Undergrad: 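First the structure, which I've put down as structure tokens, then a few questions once you've had a look.
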2 protein chains.
Amino acid sequence: MPLDAETALADAPPGHKDELRLWLRLLTCTNLIEAEIRRRLRAEFDTTLPRFDLLAQLERHPGGLTLGDISRRMMVSNGNVTGLAARLEEEGLVERRVSATDRRAQSLRLTAKGRREFARQSAAHEGWVAELLGGLSIAEREALQTLLGRAKASVTASLQEGGA
Amino acid sequence: MPLDAETALADAPPGHKDELRLWLRLLTCTNLIEAEIRRRLRAEFDTTLPRFDLLAQLERHPGGLTLGDISRRMMVSNGNVTGLAARLEEEGLVERRVSATDRRAQSLRLTAKGRREFARQSAAHEGWVAELLGGLSIAEREALQTLLGRAKASVTASLQEGGA
DNA sequence: GGAAAATAGTTGAAGCCTAAACTATCCCGG
DNA sequence: CCGGGATAGTTTAGGCTTCAACTATTTTCC
């Protein structure tokens, strides 16, 4: 496991536009947190972030979601969800049910075991994040939340334009 | 290509600590940008983000870097760099040279072709980022840069504690 | 000098991910 | 009713990524 945050690719190669510096810092920051979360999911629950994310989606939609719904919500490809769902089903955490009205579609939902497992994982996950970001004051967190909202708006606006 | 940013996993599942909301927004924001950059690298240069990152490392160190250096700087595993370097070498963008003083080590550097290619990619990349984040004012960018620095400090402090 | 520990890199198994091609089904208009 | 287009999922090929086991070499230190 490398993970030497100090010498990371990411921070401040000089002589570039400050948008680039901002992007690299954003990336470092996210990667740092994400790597730690992945590490702990593996170490404490022997699972992965994509599995966790899929379970989170199902938890928020107890009525079930189709594979296509999940693919859209997780912003990943269709084929990706096929494999992920297969593994989770094999582990007994989710179950499939073919739609009564559309024989192409099938909806996924958590099994009782899946709900139990996810509850444990989710509680721990929330704690980890609170711990990692706990060094920020409430004011800082709010300001960051707002600014990231602005950044997201900038990006989506730019994508709209390009795609229009 | 799914990529429906509006219905993303990420934003604001209610009833959670605000650290979690902040983390999810950070993640969405980063993923949105990163996905677009990957898409354009593929579309315009038929390459990938990891390849680009590796070339960027070499560009910043014209004297060459060992595979281990690269692995540490990119914060990825050793084995990962082995494969990446093999593909880039095969494409003629980098060249290996066994160390004169340590027969285990080999250093990588850009070939002339690699330098040329990276220059093109890098210029485009910088433009994309400026475009995507161009909706933010200078003040917003500076504030975000500072707050992300604080966030990174919070995370690394938390990791230090845990590992101490 | 030589054994033991550390370091550089490779390999293999497994999971994640995408794009593109494919199958099966549904829906719409004539 | 039926042909064509859209939609739901699967499959395949290939790249990325990790971890763990491995080889080769160097360093440490007795």
Side-chain angles (χ1 to χ4, degrees), chain A residues 1-4 9 31 34-43 45-55 64-91 93-94 96-108, chain B residues 1-4 9 31 34-43 45-55 64-91 93-94 96-108:
Chain A
M1 230 173 333
L3 267 272
D4 179 353
L9 156 79
N31 285 348
E34 192 173 327
E36 182 64 13
I37 289 176
R38 285 179 193 271
R39 205 184 59 69
R40 295 191 191 186
L41 279 175
R42 174 174 303 277
F45 298 108
D46 192 28
T47 189
T48 66
L49 194 48
R51 280 167 158 92
F52 176 79
D53 285 345
L54 200 160
L55 296 183
L65 288 171
T66 66
L67 297 197
D69 289 337
I70 293 171
S71 146
R72 278 181 292 276
R73 286 171 194 279
M74 291 179 69
M75 299 195 285
V76 298
S77 71
N78 233 335
N80 191 348
V81 176
T82 294
L84 224 33
R87 283 183 288 271
L88 288 170
E89 187 183 20
E90 201 199 346
E91 293 171 26
L93 301 178
V94 309
R96 306 166 110 97
R97 171 173 322 190
V98 176
S99 162
T101 62
D102 184 343
R103 270 183 303 171
R104 291 168 306 175
Q106 46 191 280
S107 75
L108 245 51
Chain B
M1 232 176 332
L3 267 273
D4 179 353
L9 158 79
N31 284 347
E34 191 173 329
E36 182 64 12
I37 289 175
R38 284 179 193 272
R39 204 183 60 70
R40 294 190 191 186
L41 280 175
R42 174 175 302 277
F45 298 108
D46 192 28
T47 190
T48 66
L49 194 47
R51 278 166 159 91
F52 176 78
D53 285 344
L54 200 160
L55 296 183
L65 289 172
T66 66
L67 298 196
D69 289 336
I70 294 171
S71 146
R72 278 181 292 277
R73 286 171 194 279
M74 291 178 69
M75 298 195 285
V76 299
S77 71
N78 235 334
N80 191 347
V81 176
T82 294
L84 225 33
R87 284 184 288 272
L88 288 170
E89 187 182 22
E90 203 200 346
E91 293 171 26
L93 301 177
V94 309
R96 308 166 109 97
R97 171 172 325 189
V98 175
S99 161
T101 62
D102 184 343
R103 271 184 303 170
R104 291 168 306 176
Q106 47 192 281
S107 75
L108 246 51

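No experiment lies behind these values; they were computed from the predicted model shown. Numbers restart at 1 for each chain; the letters A, B, ... are given by sequence-line order, proteins then strands. All heavy atoms count here, side chains included; hydrogens, waters and symmetry mates do not.
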Undergrad: Across the strands shown, which category fits B:Thr66 at heavy-atom distances under 4.0 angstrom: base, sugar-phosphate, nothing?
TA: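 Result for B:Thr66 = sugar-phosphate.
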Undergrad: Could you state the CG-C1' distance from B:Leu41 to C:dA19, rounded to the nearest angstrom?
TA: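 About 16 Å, once rounded to whole Å.
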Undergrad: Does a side-chain N or O of B:Arg38 approach OP1 or OP2 of C:dC17 to a distance below 4.0 Å, or not?
TA: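 The answer is no; no side-chain N or O of B:Arg38 sits under 4.0 Å from OP1 or OP2.
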Undergrad: Is A:Asp53 reaching over with its side chain to a backbone N or O of A:Pro50, donor-acceptor style, under 3.5 angstrom?
TA: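 Pair absent, no side-chain N/O of A:Asp53 close to backbone of A:Pro50.
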Undergrad: How many whole angstroms separate atom CG of B:Leu88 from atom P of D:dG15?
TA: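 One finds 12 Å between P of D:dG15 and CG of B:Leu88, rounded.
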Undergrad: For B:Arg104 and for A:Thr82, find the nucleotide of DNA chain D with the closest heavy atom, then tell me which residue's nucleotide is more 5'.
TA: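 Closest to the 5' end, via its nearest nucleotide, is A:Thr82.
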Undergrad: Without decimals, in angstroms, what is the distance between B:Asn31 CG and C:dC17 P?
TA: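 Taking CG of B:Asn31 and P of C:dC17, I get 10 Å after rounding.
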Undergrad: With nearest nucleotide decided by heavy atoms, which residue, A:Asp102 or A:Arg51, maps closer to the 5′ end of DNA chain C?
TA: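 Upstream on the strand: A:Arg51.
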Undergrad: So, does A:Asn80 get its side chain near the phosphate of C:dT18, meaning an N or O under 4.0 Å from OP1 or OP2?
TA: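 Indeed, a polar side-chain atom of A:Asn80 lies that close.
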Undergrad: Using whole Å, report how far CG of A:Asp46 lies from P of D:dC19.
TA: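 Between P of D:dC19 and CG of A:Asp46: 13 Å.
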Undergrad: Give a yes or no on whether a salt bridge exists between B:Arg87 and B:Glu90, defined as a side-chain N under 4.0 angstrom from a carboxylate O.
TA: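 Looking at B:Glu90 together with B:Arg87, the answer is no, because their closest N to O distance does not fall below 4.0 Å.
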Undergrad: Taking only N and O in the side chain of B:Arg103, is any of them less than 4.0 Å away from OP1 or OP2 of D:dT26?
TA: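 Affirmative; the distance criterion is met.
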Undergrad: Between A:Asn80 and A:Ser77, is any side-chain donor less than 3.5 angstrom from a side-chain acceptor?
TA: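 Note: A:Asn80 and A:Ser77 side chains miss the donor-acceptor criterion.
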Undergrad: For A:Leu108 versus A:Ala85, what's the shortest heavy-atom pair and its separation?
TA: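 Scanning both residues, the minimum pair turns out to be CD2-CB, 3.7 Å.
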Undergrad: State which of D:dG9, C:dG9, D:dT17 makes the closest approach to the side chain of A:Gln106.
TA: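 Given the options D:dG9, C:dG9, D:dT17, the side chain of A:Gln106 is closest to D:dG9.
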Undergrad: Using whole Å, report how far CG of A:Asn78 lies from P of C:dA21.
TA: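 In whole Å, C:dA21 P and A:Asn78 CG are 16 Å from each other.
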Undergrad: What contact category does B:Gly79 fall into here, base, sugar-phosphate, or nothing, at under 4.0 angstrom with non-hydrogen atoms?
TA: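 Base contact.
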Undergrad: Tell me the interatomic distance from A:Met75, atom CE, to C:dT18, atom C1', rounded to whole angstroms.
TA: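 After rounding, the reported distance stands at 15 Å.
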Undergrad: By nearest nucleotide on DNA chain D, pick out whichever of B:Gly83 and A:Val81 is the more 5' one.
TA: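 Mapping each residue to its closest nucleotide by heavy atoms, the 5'-most match is A:Val81.
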Undergrad: To the side chain of B:Arg96, which of C:dT10, C:dG9, D:dG9 is closest?
TA: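 Between C:dT10, C:dG9, D:dG9, the one nearest the side chain of B:Arg96 would be C:dT10.
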Undergrad: In whole Å, what is the span from the CD1 atom of B:Ile70 to the C1' atom of C:dA8?
TA: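 It works out to 13 Å between those atoms.
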Undergrad: With respect to the phosphate group of C:dC17, does any side-chain polar atom (N or O) of B:Arg42 fall under 4.0 Å of OP1 or OP2?
TA: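 False: B:Arg42 side-chain N/O out of range (4.0 Å or more) of C:dC17 OP1/OP2.
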Undergrad: Whole angstroms only, please: what is the CG-P distance between B:Leu49 and C:dC17?
TA: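 Computing the B:Leu49:CG to C:dC17:P distance gives 15 Å.
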Undergrad: So, A:Ser107 side chain and A:Thr66 main chain: donor-acceptor pair closer than 3.5 Å or not?
TA: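 It does not hold such a pair.
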